[in-house]
Each structure stands twice: as C-alpha cells, then as structure tokens.
Amino acid sequence: MQPLIDNARTFGQRPEEFARLAEGQSPQVLFITCSDSRVVPALITGARPGELFELRTAGNIVPPHASEHPTSEAATIEYAVEVLGVRDIVVCGHSHCGAVGALVRGDDLTAVPAVRDWLAHATPRPAGAAEDPEVAEGVQSHVLTQLLRLRSYPCVERGLAEGRLDLHAWYYEVHTGAVRTHRPQTDSFEAL
C-alpha cells in the first residue's frame with residue numbers, strides 16, 4: 001500500500017497537466033473489461049485521462065438489459081452512448097480469467113454466493129477446455145456473447161442502426177501483453 005500512497009502524494013503536484021479535465025470529458029470509447037488487477041485499460045491502450053470511459057465488472061459481464069430494475073452497468077452503457085456520445089465500445093476479455101475459468105470448469109461457488117449469482121449472468125456457459133489455464137477459448141466465446149448482449153440495449157441498438165456506434169471484441173493476454181481482436185470475416189481473434 002505504501003508505494004500507492006507515495007505515488008498519490010506526488011500525483012497531485014502537477015495541476016497544470018490536469019486543468020483541462022475540469023472542463024469535462026469527451027471519450028470516444030467505452031471500454032468494458034474485467035475488474036482483474038492485471039488488466040489496466042489505459043496501459044493497454046495508451047489512453048490519457050479523459051480519453052477512455054471504463055466499465056469494469058467481474059468477468060467483463062454485460063448483464064441482460066432490464067428496464068424495470070436498471071443496473072449500474074446499464075446506466076454506465078447508456079450514459080456513455082447517449083450523453084458522452086462514444087463512437088466505439090470495446091468488450092475486452094483476458095487470459096487467465098478467474099471468473100470465466102470458474103464457469104468453464106463448473107466450479108462450486110457456494111462459498112461466494114454474490115460471485116456465483118453475478119456469474120449466472122454469463123449464460124450461456126462459455127465453451128473451452130477446463131484444463132487450459134489461459135481459458136483462451138472460453139474467454140473469447142464469452143466476449144462474443146457479451147457483445148451480442150450489448151446489442152439488446154436500446155441505446156446500443158439505436159447507435160448501431162444509425163451508424164454512429166461500432167462494437168469490438170478484444171482478447172488481452174496477460175502473460176504476453178498481446179491484444180487480439182475478433183475478425184468477423186474469419187470468426188477468429190487475430191493480432192490488432
């Protein structure tokens with residue numbers, strides 16, 4: 001914790017670098033990814049403050065859209081699309097994902113009921129080899145499922161229909177730093 005505190009103390013000593021941020025934000029991308037500490041969207045993309053709007057959830061899950069009881073995730077997606085006017089949404093899964101690994105393996109999660117109930121939103125269960133520590137196949141199929149689910153959000157559906165929004169599926173390898181994107185033409189994840 002001490003190195004984090006030390007950095008936070010010096011971080012605010014450069015106000016001139018951050019003054020423009022008081023004027024507002026205008027990110028072009030909503031980046032939906034896992035809350036895993038090894039996945040750092042600004043590091044992966046090189047984004048500076050104000051350039052990337054982030055939504056982080058366990059297992060980069062996009063819950064089903066529910067108009068009756070909206071979720072924090074739905075509010076974030078709607079705000080990004082309708083208020084901030086993002087042009088792109090990236091759903092980025094990652095290798096060695098504990099959440100997707102638990103789903104692929106069918107782990108017993110009764111000891112962590114909140115996690116179990118959250119992961120229930122990931123249906124259908126991702127495909128993949130249970131013995132693969134990277135859970136690459138599982139994560140990649142899961143990312144595509146979340147992208148499909150995003151299309152059911154009214155604001156996303158409108159943005160796509162009007163041609164003002166694009167969706168992207170990414171897969172980040174935590175052990176190499178490589179990023180792959182889904183290419184619909186080949187239905188495969190390939191280097192960016």
Side-chain angles (χ1 to χ4, degrees), residues 1-63 65 70-100 118 121 139-140 142-144 146-147 149-151 153-160 162-182 189-192:
M1 184 69 188
Q2 193 57 51
L4 300 176
I5 292 169
D6 293 343
N7 189 64
R9 284 184 179 135
T10 61
F11 193 73
Q13 295 177 4
R14 305 181 311 256
E16 65 283 350
E17 292 180 39
F18 299 99
R20 70 171 178 78
L21 298 176
E23 298 167 13
Q25 61 177 327
S26 56
Q28 295 300 301
V29 178
L30 168 60
F31 199 91
I32 301 173
T33 194
C34 186
S35 46
D36 188 301
S37 64
R38 300 168 293 179
V39 180
V40 183
L43 184 63
I44 294 168
T45 63
R48 302 283 302 152
E51 295 179 344
L52 201 60
F53 201 64
E54 296 180 26
L55 172 58
R56 299 186 65 148
T57 69
N60 53 270
I61 292 173
V62 175
H65 183 269
T71 63
S72 170
E73 295 80 17
T76 299
I77 292 163
E78 184 177 75
Y79 186 81
V81 172
E82 298 294 359
V83 177
L84 296 175
V86 298
R87 303 267 320 144
D88 296 277
I89 300 177
V90 173
V91 177
C92 181
H94 67 94
S95 67
H96 304 87
C97 181
V100 174
W118 174 251
H121 289 298
V139 170
Q140 290 171 7
H142 174 70
V143 165
L144 293 175
Q146 303 317 299
L147 217 58
R149 185 162 299 146
L150 261 176
R151 291 175 176 275
Y153 281 64
C155 62
V156 172
E157 185 179 36
R158 267 192 312 279
L160 291 169
E162 295 168 4
R164 61 182 167 87
L165 188 63
D166 289 312
L167 303 180
H168 311 272
W170 285 11
Y171 172 72
Y172 171 64
E173 295 178 346
V174 299
H175 57 292
T176 67
V179 178
R180 302 184 182 286
T181 188
H182 182 258
F189 280 80
E190 301 171 11
L192 278 176

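Any value given below was found using the heavy atoms of this structure, including those in side chains, with hydrogens, waters and symmetry copies removed. All figures in this text were calculated on a predicted structure; none of them were measured in a lab.
Ring-plane geometry between W170 and F31 is classed as perpendicular, the angle between the planes exceeding 60 degrees on a 0 to 90 degree scale with a lower cut at 30.
Counting only heavy atoms from C-beta outward, the side chains of E54 and P27 never approach each other to under 4.5 Å. Side-chain atoms of H142 and N60, non-hydrogen and from C-beta on, do get closer than 4.5 Å to each other. Between Y79 and L55, every side-chain heavy-atom pair lies at or beyond the 4.5 Å cut-off. For the pair T181/V90, no side-chain contact is recorded, criterion being any heavy-atom separation below 4.5 Å from C-beta on. In this structure, the side chains of C34 and C97 come closer than 4.5 Å at one or more pairs of heavy atoms. Using a 4.5 Å heavy-atom threshold, the side chains of I44 and V39 count as touching. Side chains of D36 and V174 form no contact here, defined as non-hydrogen atoms less than 4.5 Å apart. Side-chain atoms of I61 and E73, non-hydrogen and from C-beta on, never get closer than 4.5 Å to each other.
Taking OG1 from T33 and NE2 from H94, the interatomic distance works out to 6.5 Å, rounded to the nearest 0.5 Å. For the atom pair L192 CG and T45 OG1, the distance stands at 11.0 Å (nearest 0.5 Å). Note that OG1 of T71 is 8.0 Å distant from NE2 of H65, once rounded to the nearest 0.5 Å. Rounding to the nearest 0.5 Å gives a distance of 8.0 Å between NE2 of H121 and CZ of R149. Atom CD of residue Q25 and atom CG of residue L52 lie 10.5 Å apart, to the nearest 0.5 angstrom. Here the CD1 atom belonging to I77 is positioned 5.0 Å from the CG atom belonging to L150, to the nearest 0.5 angstrom.
Under the rule for a salt bridge (charged side-chain N to carboxylate O under 4.0 Å, His left out), E23 has no partner lying at least two apart in sequence or in another chain. With sequence neighbours excluded, the residues satisfying salt bridge (charged side-chain N to carboxylate O under 4.0 Å, His left out) with R164 are E82, E162.
Between A169 and V143, the shortest heavy-atom contact is CB-CG1, 3.5 Å. Between R56 and P41, the shortest heavy-atom contact is NH1-CD, 3.2 Å.
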Verify side chain to side chain contact (heavy atoms under 4.5 Å, CB included) between V81 and V86, making sure each step is shown before the conclusion.
CA-CA 5 Å; V81 172; V86 298; 4.3 Å; yes

I would like to know whether Y153 and V62 meet side chain to side chain contact (heavy atoms under 4.5 Å, CB included); could you show each step before the answer?
CA-CA 10 Å; Y153 281 64; V62 175; 3.6 Å; yes

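With E173 contributing its side chain and S95 its backbone, the two residues share no donor-acceptor pair below 3.5 Å. Side-chain N or O atoms of R38 include one that pairs as donor or acceptor with a backbone N or O of H96 at under 3.5 Å.
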